[in-house]
Amino acid sequence: MSATPRDRADRQVPRVRGNDYRVLRPPEDYTPRLRVSVVIPAYGAQDKLDLVLQGLARQTYPAELTEVIVVDNGSSPPLRVPEGSAARLVVCERPGRAAARNAGLAAADGDVIHWLDSDVVLTPGALAAHMRWHHAAPYLSVTGYIRFTSAELPDELPDDLEAAFEPAEPHAWLVGLVERTDGLTNNPVRPFSLHVGGATSASRLLIEAAGPMDEELILGQDTEMGYRLAQAGAVFVPEPAARAYHLGPTMRMRHQKRIDRVSHAFVADRIPTYQWLRGHPGRQWKVPQVTAVVSGTAGYEAVRASVDALLASTVADLSVVVTGPWDTLDRDRRAPLKDPNLDLVLVHGHYEHEGRVRLATAEEVDPSTPFVLRLPAGWLPGEDSVARLLRLMRNEGLGLVRVLLEETADGVAEARLERVSSFARARLVARPGEPLDDAVDDVSGVRWVTGEEYAFSAAPAERLPEVVGRRAAYKARVRAEAEVARLTEEADRLRGQVDKWREEAGKWRKSAVELRREVGTLRRELHAAQRRQPAVPTTLTGRVKRVIRRRVLDRLPANGRQPSQDAAQQPEPKAGEQQGSS
């Protein structure tokens, strides 16, 4: 009898931090005890399916622990299971690979579900290589290495697959992802991208938590389910020993750009991690990046202050759940001011038609939402507080950030930003009686910060605070643009003045040169006169000084002259008039 997920949970479960699965160290030689269900959705191509089933019949993993389910997704003529095969055939009339896989999942009873495409042939040890990891921990998703062969299809599967199907091309994208991230161990942003349907297995415990494949998607179902597995606590493991051959090229290899165009249009609504697909600054998405939870029973003003501050955050990809006994409200139409539940009525009425706010009687957060912020009513995050907390959590790979808001004699008030996937992992590994936060610290990490550091504040008691948000950012940008225009104009004016003064300085330099020449000439004349007549009259000396002074003043602007300088330009005294002593 195989072990159940509950049996595994009762034992001490190993703890993986982030996606660093290397701590598990599963042995090569292990005793198989888990049952695996191989689910193969198929549409036509009976010849390829026959080869795939022959490959499964050669697996080294025990046959008694292996079940094979082929899902015929409306083939014409209908598919058949070859005589002697242990595979079961299930018919799914609803078209689409996701619907076919869900039909196979519903029929499966294994501890591990192994997705396999109907044109992928496993090498004999592939299943055993997958199951080695699943025996090490109950929350893994393991992906094998696929090579794409263009060899002619044989009638019977040869013993030497390498000789028959090589040369073949590797799965270049998968290999590149693994190499860039050191085998997905250094906390890659999107390890769930490894979940490809061609040759991937996952713990049934995880699949039950994540839910079946999304049948509304046209393409990208594998990746979207991988994201939900990550949210359920999965660790993603690439296993080189689990090798397989894809018979011919895939549709993605033939039409990658066209496939991306279709899948991106749908997965953007469902995978918040794909931020580059969410370029719109204000629209709502099916799965928000952050959901904030606020109690609606703390009074109308306190609740409204907190919810409005959250809605004004720079993180527009955010929803709010306001919890309260909304189903018990019976509005008093005759005396509303005397209604004992008036504050609840006001909260309900104020947010009943706000698309980003959900009024719930209990906490209801979409498990696909990557982050949950728990905020006490009456506390206000700043415009950029949530964005800063998200950056801290991503940069350090944290599972929980605790924000100390206030410490009083009654206890501590705190806000909490939780990573949903870390808490899901912690629930899988927590020991009986162990605080969940301690398990989160082991699998991701926990940090305390202060509310003051991240711009949290208490709502004023006497009034509702003024709400700022993206409108304030727009006004600030307009003011900044006006200031830039003003400073640009001022800079142009100052550059004009600089050019003017440079020109004026050039004139002064030229005048200084001319003045030095004239002064030199006058000195030579004075020296010559003194040589001819040793006792030069003071009249001649004073006249030379006045000439020098007048020639200097002639080169000064009129408004730059001092009164004493103007006096120096008075007429010379006539001959015989008394001169001042020199």
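- Salt bridge annotation for R80-D50: present, with a cationic side-chain nitrogen under 4.0 angstrom from a carboxylate oxygen.
- Remark: Q221 engages no residue in a side chain to side chain donor-acceptor pair (under 3.5 Å) (not counting sequence neighbours).
- Residues forming a ring-ring contact (aromatic ring centres under 6.0 Å, His included) with W285 (at least two apart in sequence, or on another chain): none.
- The residues R283 and D269 are annotated as salt-bridged, a charged nitrogen and a carboxylate oxygen being separated by less than 4.0 angstrom.
- Take Y21 and apply the ring-ring contact (aromatic ring centres under 6.0 Å, His included) test, not counting sequence neighbours, and it matches W133.
- Between H134 and L140, the closest heavy-atom pair is CE1-O, 3.3 Å.
- Annotation: side chain to side chain donor-acceptor pair (under 3.5 Å) contacts of S141 (sequence neighbours excluded): none.
- Checked against ring-ring contact (aromatic ring centres under 6.0 Å, His included), W326 has the following partners two or more places apart in sequence or in another chain: H348.
- A side-chain hydrogen bond (donor to acceptor under 3.5 Å, both in side chains) with R147 holds for exactly one of H246, E166, E169; it is E166.
- When side chains are defined from C-beta on, L428 does not count as touching V13, because their heavy atoms never get closer than 4.5 Å.
- Here R270 pairs with E216 in a salt bridge; the nearest charged N to carboxylate O distance falls below 4.0 Å.
- For the pair D117 and K48, the salt-bridge criterion is not met [side-chain N within less than 4.0 Å of a carboxylate O].
- Listed by chain and number, the residues in a side chain to side chain donor-acceptor pair (under 3.5 Å) with S422 are S444 (sequence neighbours excluded).
- Looking at L157 and R58, their side chains come closer than 4.5 Å, going by heavy atoms from C-beta outward.
- By the ring-ring contact (aromatic ring centres under 6.0 Å, His included) test, F165 is found to be paired with Y245, residues two or more places apart in sequence or in another chain being considered.
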With a 3.5 Å cut-off and sequence neighbours excluded, list the donor-acceptor pairs that the side chains of residues 81-89 form with protein atoms.
residue	atom	partner	partner atom	Å
S85	OG	A87	N	3.1
R88	NH2	E67	OE1	3.0
R88	NH2	A107	O	2.9

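- By the salt bridge (Lys or Arg N to Asp or Glu O under 4.0 Å) test, R25 is found to be paired with no residue, residues two or more places apart in sequence or in another chain being considered.
- Considering only heavy atoms from C-beta on, D119 stays 4.5 Å or farther from V52 through its side chain.
- Checked for salt-bridge contact, R33 and D111 miss the test: no charged N lies under 4.0 Å from a carboxylate O.
- Legend: ring-ring contact (aromatic ring centres under 6.0 Å, His included) pairs involving residues 169-188, not counting sequence neighbours, sorted by first then second residue: F148-H171.
- Relative ring orientation between H264 and Y274 is described as perpendicular, the plane-to-plane angle rising above 60° on a 0-90° scale split at 30° and 60°.
- Not counting sequence neighbours, the partners of E434 by the salt bridge (Lys or Arg N to Asp or Glu O under 4.0 Å) test are R15, R431.
- A salt bridge between D437 and R416 is present, with a side-chain N of the basic residue lying under 4.0 Å from a carboxylate O of the acidic one.
- Residues passing the salt bridge (Lys or Arg N to Asp or Glu O under 4.0 Å) test with R17, sequence neighbours excluded: none.
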